[in-house]
Colleague: 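Handing you this structure, nothing more for now.
Residue numbers start from 1 in every chain, and the chains themselves are labelled A, B, ... in the order their sequence lines are given, proteins ahead of strands.
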Number of protein chains: 2
Amino acid sequence: MSDAPPTLPETALDRLLELTLTVQDDMTSGLSALGLTESRTHLLWVIAAGGPQTQQALAATLGVSPRNVTGLVDGLVAGGFVTREPHPTDRRATLVTPTPHGAEVIAGLVAGRRTLADQLFGDHPAAELERLVGDLAALTARLRRLVEEASP
Amino acid sequence: MSDAPPTLPETALDRLLELTLTVQDDMTSGLSALGLTESRTHLLWVIAAGGPQTQQALAATLGVSPRNVTGLVDGLVAGGFVTREPHPTDRRATLVTPTPHGAEVIAGLVAGRRTLADQLFGDHPAAELERLVGDLAALTARLRRLVEEASP
DNA sequence: GCAAATCGTGAAGCATCTACATGATGTAGT
DNA sequence: ACTACATCATGTAGATGCTTCACGATTTGC
């Protein structure tokens, strides 16, 4: 097929996409060993950060439909990671609450995150790391702006 | 929940994950407008790069099961992006071949990739870009090594 | 030739996601 | 208080992406 040599910006984008895929792989492979999937882990992580929440709140935070949260919570309940507790004041709602086992797994995830971060970035000089953080943040912000402009 | 302030490496990892998710969003939103999904686009991209191929070859390149490729090609055929042509020498195999419309879409994807790359990186000085490319490549290589060590 | 490997796909199943409909409950307005 | 309307979770139905196992149709190696 017609092969123009990739420009430098194209190379950068390709590397970025490659890294994206690799990060994805790394996450999922580590998670499946714990009996977790990526989506369910994301939900568990949100609960870890924000405490027991209604499924509506989780849906808003995760950016998915409330119906989908029902399914994700079903899976986490089946795995013994969380329970559905009655909401103290609203009988329509349930509070998705980590079990002791779920809390253990969350602690493991937090520790794993730190370990991975150290393995990846631990030996970088602080100045260089801050520059990288700034680069990544700037890229993210720019991408978000592009997405919003495309679909207003 | 217990909130230790994130370390600098943790911040870097968080930014990386954030960027990963944003890239994902950007890709899928642009693609759905074309009637494509990410997986099917990935397959189309491989065909664009390597020409008409058997489904076995596509499965190997994509890293998925041959059975899955059957489904992806089904979708692309239904959308008029590709056809299944008989293999010239092996009557068991089919050559997944882009239609004229599929070729157009591929050309659009190539152009879109360049546009996005320029929007994201076009105004970075070349030296800085090369440094970023190096950083991203090094991160990818390191991650891959970690994945392989974890599951040999 | 004949047995073994290969190609594509049917069948069955799981996970993520969607939109729409429904019952139960909460809230606000009159 | 009673009626509307909004909200919470979930049943139903369907699209997509992925897997493994089984099977018929070939090709290939000996």
Colleague: To the nearest angstrom, how far is R91(B) atom CZ from dG24(D) atom C1'?
Modeller: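 Value for this atom pair: 14 Å.
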Colleague: Rounded to whole angstrom units, what separation is found between the CG atom of L62(B) and the P atom of dT19(D)?
Modeller: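 My rounded result for the distance is 10 Å.
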Colleague: Expressed as a whole number of angstroms, how long is the span from E85(A):CD to dC8(D):P?
Modeller: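 It is 19 Å, rounded to the nearest whole Å.
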Colleague: Check the phosphate of dG8(C) against T94(B), side-chain N and O only, distance under 4.0 Å to OP1 or OP2. Yes or no?
Modeller: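 Answer is yes, contact under 4.0 Å.
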Colleague: To the nearest angstrom, how far is L43(B) atom CG from dT16(D) atom P?
Modeller: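 So the two atoms are 15 Å apart, to the nearest Å.
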Colleague: Decide whether V110(B) and L76(B) are clustered together by the hydrophobic rule: side chain heavy atoms of Ile, Leu, Val, Met, Phe, Trp, Tyr closer than 4.5 Å, transitively.
Modeller: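 As far as the 4.5 Å side-chain criterion goes, L76(B) and V110(B) are connected within one cluster.
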Colleague: Using only side-chain N and O atoms of R92(A), determine if any of them is under 4.0 Å from OP1 or OP2 of dT22(C).
Modeller: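 The answer is no; no side-chain N or O of R92(A) sits under 4.0 Å from OP1 or OP2.
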Colleague: For H87(A) and dG26(C), what is the distance between atoms NE2 and C1' respectively, to the nearest whole Å?
Modeller: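 Whole-Å distance recorded here is 12 Å.
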Colleague: Using whole Å, what does the distance between atom C1' of nucleotide dG8(C) and atom CG of L72(B) come to?
Modeller: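 To the nearest whole Å, that distance equals 14 Å.
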Colleague: To the nearest Å, how far apart are Q56(A) CD and dT10(D) C1'?
Modeller: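 Taking atom C1' of dT10(D) as the reference, CD of Q56(A) is at 11 Å.
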Colleague: Starting at the 5' end of DNA chain C and moving along, which residue's nearest nucleotide shows up first, L95(B) or R40(A)?
Modeller: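 On the 5' side of the pair lies L95(B).
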Colleague: Output yes when a side-chain donor or acceptor of Q53(A) lies under 3.5 Å from a complementary backbone atom of G51(A), and no otherwise.
Modeller: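 Pair found, side chain donor or acceptor close to backbone of G51(A).
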Colleague: Measure from the side-chain heavy atoms of V64(A) and tell me the nearest of dT10(D), dG8(C), dT18(C).
Modeller: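 Looking only at side-chain atoms, V64(A) lies closest to dT18(C).
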Colleague: Over all strands shown, is D90(A) touching base, sugar-phosphate only, or nothing at heavy-atom distances under 4.0 angstrom?
Modeller: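 Sugar-phosphate: the residue D90(A), judged by heavy atoms under 4.0 Å, touches backbone atoms but no base.
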Colleague: Is S65(B) close enough to dT19(D) that one of its side-chain N or O atoms is under 4.0 Å from OP1 or OP2 there?
Modeller: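 Checking dT19(D) against S65(B), a side-chain N or O does come within under 4.0 Å of OP1 or OP2.
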Colleague: For S39(A), which contact category applies under a 4.0 Å heavy-atom criterion: base, sugar-phosphate, or nothing?
Modeller: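 Touches sugar-phosphate only.
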Colleague: Where the side chain of T54(A) meets the backbone of L95(A), is there a donor-acceptor pair that is under 3.5 Å apart?
Modeller: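 Not a single qualifying donor-acceptor pair exists.
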Colleague: Closest to the T37(A) side chain: dG8(C), dA15(C), dT16(D)?
Modeller: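 The closest nucleotide is dA15(C).
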Colleague: Hey, what do you get for CG (D14(A)) to CG (L136(B)), rounding to the nearest 0.5 Å?
Modeller: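 It comes to 11.0 Å.
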Colleague: For a quick test of reading the model: is some side-chain N or O of Q55(A) closer than 4.0 Å to OP1 or OP2 of dT7(D)?
Modeller: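 No, no such contact exists.
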Colleague: Does some side-chain heavy atom of R113(A) sit less than 4.5 Å from a side-chain heavy atom of L116(A)?
Modeller: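 L116(A) does not reach R113(A) side chain to side chain.
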Colleague: To the nearest Å, how far apart are R67(B) CZ and dT6(C) P?
Modeller: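 Taking atom P of dT6(C) as the reference, CZ of R67(B) is at 20 Å.
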